[in-house]
Amino acid sequence: MRVSLLQIAVDPDEPVAARRERAAALVRTRHADDLVVLPELWHVGAFAFDSFAPAAEALDGPTAQAMSEAAREARVWLHAGSIAERGADGGLFNTSLVFDPDGRLVRTYRKIHRFGFDKGEAVLMDAGSEIVTVPLPETVLGLATCYDLRFPELFRALVDAGAQTLVVPAGWPERRRAHWTLLARARAVENQCYLLACGTAGTHAGVPQAGHSIIVDPWGETVAEAGPGEQILTAELDPERVTKTREEFPALKDRVLGR
Ligand SMILES: O=C(O)CCC(=O)C(=O)O
């Protein structure tokens, strides 16, 4: 199973519509992949708090439409990262979108843990509450977003729901890059899953982004890691490794708490 993480640069000088078209054009080139992943809030920037409400879109808005068409053209599964979603009830959510190779929006995930403590996303957005998995032909995706990476109980719940490949779009800041890499590997090894963590590059709202998107295998080893700039990170995964790792080292079966 070939996967690519599109580590897009989010630059405040680039209009949202231009970045949307650039991202769609990149997705359209990925026809040799099975799964393509974009970062968190790449259309607007995860730290561009003032733009969340004005840039918010419905689930059939321009970003979703562009991603649907790109997935269909490339014939790939597309985790299109997340958008600022204006819900039908007026709520504002940080929502991930997954499209199938026919361009159908098959699942959405509203970020559960909002970042910012008493400002930013934490006060501007509403929290999701649903644990979301997505069955693909080769694996089962478990969805989480950025700050969620710090909450292992979410990932355990995803494993209980059948997840084999954890997908984490992010807009992680450079300042805490060491946490990003450490947590990505920890979530993979403790849950015996592949983990695909796709961040942004560049600097927006004065916050330099970490980049360093990373693909980790179920043994906790790094399969591929990006640098700091805009980059496409590609790797070949063996979905059977999840089952084999869980059979050969059955630590998940020894759980005592939280079952
Ligand atoms: O947890 C962190 O250090 C970064 C989280 C974050 O930037 C986010 O969730 O948008």
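Since we're looking at a predicted model, the values are computed, not measured. Numbering of ligands and ligand atoms starts at 1, following listing order.
A donor-acceptor distance shorter than 3.5 angstrom exists from the side chain of Arg246 to the backbone of Gln192, with no hydrogens or angles considered. Remark: side-chain polar atoms of Trp180 are not paired, donor with acceptor, to backbone N or O of Ile214 under 3.5 angstrom.
Which parts of ligand 1 touch Gly171 is read off a 4.0 Å heavy-atom cut-off, strictly below it: atoms 7 (O).
Heavy-atom separations between Phe47 and ligand 1 include at least one value shorter than 4.0 Å. At a 4.0 Å cut-off, at least one heavy atom of Arg150 sits close enough to ligand 1 to count as contact. For Glu40, the closest heavy-atom approach to ligand 1 falls below 4.0 Å.
For the pair Glu57 and His43, the minimum side-chain heavy-atom distance is below 4.5 Å.
Contacts with ligand 1 closer than 4.0 Å are made by heavy atoms of both the backbone and the side chain of Tyr147. The side chain of Pro173, and not its backbone, has at least one atom closer than 4.0 Å to an atom of ligand 1 (non-hydrogen atoms only; side chain from C-beta on).
Ranking the protein heavy atoms by distance from atom 6 (C) of ligand 1 puts Cys146 SG, 3.2 Å first. Summary of contacts: the protein heavy atom closest to atom 9 (O) of ligand 1 is Lys111 NZ, 2.7 Å.
The aromatic rings of Tyr147 and Phe151 sit perpendicular, their planes meeting at an angle over 60°, well past the 30° parallel limit.
Atom 4 (C) of ligand 1 has its nearest heavy-atom neighbour, among Arg176, Arg114, Arg177, in Arg176.
For ligand 1, none of its N or O atoms has an N or O atom of Glu121 under 3.5 Å away.
A side-chain donor-acceptor contact under 3.5 Å links Asn94 and Glu40.
Val140 and Val167 end up in different hydrophobic clusters when Ile, Leu, Val, Met, Phe, Trp and Tyr side chains are linked at under 4.5 Å.
Heavy-atom neighbours of Asp102 CG from other residues, nucleotides or ligands within 6.0 Å: above the threshold of 12.
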